[in-house]
Protein chains: 2
Amino acid sequence: MLEQLRIHIEKIVPLTDEEFGIVSSLFSFRKYKKHQFLVQEGEAVAYHYFVLKGLLKLVYTDESGKEHIVGFAMEDWWETDFQAYYTQTKATMFLQCVEATEVLCLSLPDYRKLCTELPKLEHFFLEKAYMGFIAAQQRIISTMTTEIKDRYKQLLEKYPTLVQRVPKSLLAAYLGVSRETLSRLPL
Amino acid sequence: MLEQLRIHIEKIVPLTDEEFGIVSSLFSFRKYKKHQFLVQEGEAVAYHYFVLKGLLKLVYTDESGKEHIVGFAMEDWWETDFQAYYTQTKATMFLQCVEATEVLCLSLPDYRKLCTELPKLEHFFLEKAYMGFIAAQQRIISTMTTEIKDRYKQLLEKYPTLVQRVPKSLLAAYLGVSRETLSRLPL
């Protein structure tokens, strides 16, 4: 399972066996059942998660109790309540398994240790951060300018596997429409 | 003017005079008048801009020609069509002066050179990228869950100087409402 992380990192930064030894010593493995929580709203966020297998949803609950899906994460994606993790504040979102999920966990002290011992890993995380920022900005633009029908199509084109695996009610909560509206779309 | 960049970087990463010599050799200074464009939609994006003085708007124009404000940038902020810059594709947005603006420009080859010669700058850019990602994610959540009235209040609390300097019509385009709706808000 650590091999999957190595392949993932080496798409951006090559590692010697010794370097990967340092990387792997800092991640811990965890396994969760469907519906289990990795992050709970209001609690501290101990880890950034690298998904080995499974599917997660990152959810913001508004004051009326309605759930809004901020993001999904499946194989080879990184996910957490990043603001809470990085600024060491309480979670404002929850992260929950949509499917049974296996992850590798990285704590913030171990992330800092990793970057100190292997500065080239900062290059890897920088690339990931840029891609995350670009994706978030694209989503802002899409929300401002694109009709639901076209946003669903864009999602389908960009992440075909994800759309197949995610229940329609969750896709609706991601797109910000009701389940009924989503099923009435001419697709 | 380079001193302003040094103070900005040293909030995150300390630099020796020699190191700052490398940094300053890679930035170029430019001055723009009000309404001038730094990035034009459909063209290549040569630079990432550090704002020394002034105010910029980053705008996405939809198919009907309506302008949507993706972001603003003022003193000490970084701005560009980042996707186009970083992936070397054509701009999908434009970046224009709301006020007369002075910037320091960093090309992608010079950015890469900077990170190769001074790997600790990757730590600086990583911190900036995380903050950008967190801000974008907060904006997504706010758009999904918060009423315009409260989003305007949040903006005012977070960026009081910005809100004072930006014309109301641009604030409306940022919040995604008409100028009339914005002025009818009970503030």
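Order of the sequence lines sets the chain letters (A, B, ...), proteins ahead of strands, with each chain counted from 1.
When atom types are taken as modelled, the side chain of A:S142 and the backbone of A:Q138 share no donor-acceptor pair closer than 3.5 angstrom. For A:T146 (side chain) and A:T143 (main-chain N/O), no donor-acceptor pair under 3.5 Å exists by modelled atom type. Side chain of B:Q83 to backbone of A:I134: no donor-acceptor contact under 3.5 angstrom is found. The backbone N or O of B:A136 sits nowhere less than 3.5 Å from a side-chain atom of A:Q137 that would complete a donor-acceptor pair.
Note on residues 73-101 of chain A: pairs passing salt bridge (Lys or Arg N to Asp or Glu O under 4.0 Å), not counting sequence neighbours, are A:E75-A:R165, A:E99-A:R165.
In this structure, A:H68 and B:T145 approach most closely via the heavy-atom pair CD2-CG2, 3.3 Å. The minimum heavy-atom distance between A:Y174 and A:I69, with the atom names listed, is CD1-O, 3.6 Å. Taking every heavy atom of both residues into account, A:L175 and A:R151 meet most closely at O-NH2, 2.8 Å. Closest non-hydrogen pair, B:V166 versus B:F72, comes out as CG1-CZ, 3.6 Å.
Side-chain contact check for A:L56 versus A:W77: every heavy-atom pair is 4.5 Å or farther apart.
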Taking it one step at a time, do B:E102 and B:M1 satisfy side-chain contact (heavy atoms from CB on, under 4.5 Å)? CA-CA 9 Å; B:E102 297 176 10; B:M1 58 194 75; 5.6 Å; no
Pair B:D17-B:R6, side-chain contact (heavy atoms from CB on, under 4.5 Å): steps then yes or no: CA-CA 10 Å; B:D17 287 350; B:R6 181 168 186 166; 2.9 Å; yes
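Of all residues spanning residues 20-51 of chain B, none has a heavy atom less than 4.5 Å away from chain A's heavy atoms. Residues of residues 111-129 of chain A lying under 4.5 angstrom from chain B, judged on non-hydrogen atoms, are A:Y111, A:E122, A:H123, A:F125, A:L126, A:E127, A:A129 by number. The stretch residues 58-66 of chain B places B:L58, B:Y60, B:D62 near chain A, each with some heavy atom under 4.5 Å from a heavy atom of that chain.
Between A:Y86 and A:F82, the ring planes lie parallel to each other; the angle is under 30°, not in the 30° to 60° tilted range.
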